[in-house]
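None of the values given here were measured: they were computed from a predicted structure.
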Amino acid sequence: MLTRTPAIVLSTIKYGEADLIARLYTRELGTQSYMLKGVRKSRKGKLRISYFQPLIQLDIVTQHKGKGSLEYIKEAHVTPAYDTIYTDIIKSSVVMFFSEMLTQLLTEQQPDANLYDYLSSIFQFLDQSDAVANFSIKTLLDLTAHMGFQPDVETIDFPYFNLLDGSFDNNGVLPHHATIEESNFIKLFLGHEFCSHK
C-alpha cells in the first residue's frame with residue numbers, strides 16, 4: 001500500500017558501504033524502520049543522506065507492506081526546513097539528546113496523531129526560539145501526558161510533589177517528596193505553554 005505521511009527522523013545506522021537504516025516516527029504509521037539503498041554514495045537519487053539527520057521532519061511516500069520487515073521510502077521531502085537547529089551548538093546538543101531519548105521511548109509506537117503533532121511543533125519551536133534553557137525539562141514533563149503517566153494536576157494546590165505517585169500532597173517530610181522549591185518549579189512547568197501547540 002502506497003502511503004504518504006509526515007515523519008520525524010529518530011536515528012540512523014550505517015549498513016554496508018552505501019546503505020542506511022533509518023528509524024522514523026511517522027504520523028500515519030507510527031514508528032517504522034526503512035532501508036535506504038545507496039543513499040550514502042548517491043548524488044542523483046531522490047533520497048539524500050542530508051534528509052536523515054536527527055529530528056529532521058520529512059514528508060515521505062512509502063510502499064508500506066506491514067509485514068514487520070524493513071520498509072522502503074520512494075520519495076522524501078524536508079518540510080519544514082529548520083533554520084538554526086544544526087548550526088547552533090546548544091540546539092544541536094538538545095537535538096542529539098532527544099534523538100536518543102525518543103529512539104528508546106518510541107520503539108513499538110503505534111500511530112498517534114496528537115503525539116506526532118506535539119513533537120513536530122516543539123521541534124519547530126526549538127528551531128525558531130532564542131530562549132531554550134528549559135526546553136528539555138518542559139518537553140520531558142509534557143511527554144509524560146502523551147505517555148500516560150503525567151503528574152496529577154488536580155492536586156496542584158498542595159505544597160509537596162510526591163515522586164512515587166506523581167501527585168501533590170502535605171507530606172513533605174517523607175524522603176520521596178520534592179522540596180517546596182522543587183515542587184513550585186514543577187508547578188511552574190506544568191502551567192507554562194512554551195509553544196502554540198495545545
- Verify salt bridge (Lys or Arg N to Asp or Glu O under 4.0 Å) between E17 and K41, making sure each step is shown before the conclusion. CA-CA 8 Å; E17 290 188 15; K41 293 198 173 178; 3.6 Å; yes

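- Cluster membership check: M35 does not share its hydrophobic cluster with L2, using side-chain heavy-atom separations under 4.5 Å among Ile, Leu, Val, Met, Phe, Trp and Tyr.
- Atom CZ of R40 is separated from atom OG1 of T12 by 9.5 Å, given to the nearest 0.5 angstrom.
- Cluster annotation: L140 is connected to Y118 through the hydrophobic network of ILVMFWY side chains, with a link wherever side-chain heavy atoms come within less than 4.5 Å.
- To the nearest 0.5 Å, atom OG of residue S11 and atom CZ of residue F52 are 12.0 Å apart.
- Taking the side chain as every heavy atom from C-beta outward, I60 and Y34 approach each other to under 4.5 Å.
- A donor atom on one side chain and an acceptor atom on the other are not found under 3.5 Å apart for D165 and H176.
- For S129 (side chain) and V132 (main-chain N/O), no donor-acceptor pair under 3.5 Å exists by modelled atom type.
- Using a 4.5 Å heavy-atom cutoff, the side chains of I8 and L55 are in contact.
- Using a 4.5 Å heavy-atom threshold, the side chains of L143 and M101 count as touching.
- Across all non-hydrogen atoms, the minimal contact from K74 to K46 is O-CD, 3.7 Å.
- Taken from OH in Y25 to CG in L10, the straight-line distance is 9.5 Å, to the nearest 0.5 Å.
- Residues L20 and V61 fall into different hydrophobic clusters, defined by Ile, Leu, Val, Met, Phe, Trp and Tyr side chains chained together at heavy-atom separations under 4.5 Å.
- In this structure, the side chains of T155 and D157 stay at 4.5 Å or more apart for every pair of heavy atoms.
- Closest approach of L106 to T31, counting heavy atoms only: O-OG1, 2.7 Å.
- For the pair T144/P151, a side-chain contact is recorded, criterion being any heavy-atom separation below 4.5 Å from C-beta on.
- Cluster partners of M96, using a side-chain heavy-atom cutoff of under 4.5 Å among ILVMFWY residues and allowing indirect links: none.
- A donor-acceptor contact closer than 3.5 angstrom is absent between the side chains of N171 and Y160.
- A salt bridge between D112 and R27 is absent, with no side-chain N of the basic residue lying under 4.0 Å from a carboxylate O of the acidic one.
- Counted by atom type alone, T84 and K91 present one or more donor-acceptor pairs between their side chains at under 3.5 Å.
- Counting heavy atoms from C-beta on, the side chains of E28 and H64 never come closer than 4.5 Å.
- No donor-acceptor pair under 3.5 Å is formed between the side chain of K14 and the backbone N or O of D19.
- Shortest non-hydrogen contact noted between L115 and M147 is CD2-CE, 3.6 Å.
- Contact between D127 and A81 at its shortest, heavy atoms only, is OD2-O, 4.4 Å.
- Under the rule for a side chain to side chain donor-acceptor pair (under 3.5 Å), the partners of T179 that lie at least two apart in sequence or sit in another chain are E182.
- By the 4.5 Å side-chain criterion applied to Ile, Leu, Val, Met, Phe, Trp and Tyr, L164 is assigned to no cluster and stands alone.
- Under the side chain to side chain contact (heavy atoms under 4.5 Å, CB included) rule, F189 has a single partner from N184, I137, D142, T139, which is I137.
- You'll find the side chain of N162 stays beyond 4.5 Å of the side chain of F168, heavy atoms only.
- Using modelled atom types and a 3.5 Å distance limit, the side chains of S120 and Q57 yield a donor-acceptor pair.
- Atom CZ of residue F161 and atom CZ of residue F185 lie 15.0 Å apart, to the nearest 0.5 angstrom.
- Rounding to the nearest 0.5 Å gives a distance of 5.0 Å between CD1 of I21 and CG of L70.
- Linking ILVMFWY side-chain heavy atoms closer than 4.5 Å, directly or via other members, places I13 and Y72 in two distinct hydrophobic clusters.
- Within 6.0 Å of the CG atom in L174, the count of heavy atoms belonging to other residues, nucleotides or ligands exceeds 12.
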- Query: Step by step, would you call Q32 with L24 a side-chain contact (heavy atoms from CB on, under 4.5 Å)?
  - Reply: CA-CA 5 Å; Q32 298 290 327; L24 276 59; 5.5 Å; no

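- The two residues Y86 and V95 make their nearest non-hydrogen contact at CE2-CG1, 4.3 Å.
- Looking at every heavy atom in both residues, S33 comes nearest to R23 through OG-NH1, 2.7 Å.
- A donor and an acceptor atom, one from each side chain of T79 and D59, are nowhere located under 3.5 Å apart.
- Atoms CG and CD1, on L119 and I122 in that order, are 5.0 Å from each other to the nearest 0.5 Å.
- Note on F97: it clusters hydrophobically with Y82, by side-chain heavy-atom contacts below 4.5 Å among ILVMFWY residues.
- Residues Q124 and Q128 are not in side-chain contact: their nearest non-hydrogen atoms beyond the backbone lie 4.5 Å or more apart.
- Relative ring orientation between F135 and F125 is described as parallel, the plane-to-plane angle staying below 30° on a 0-90° scale split at 30° and 60°.
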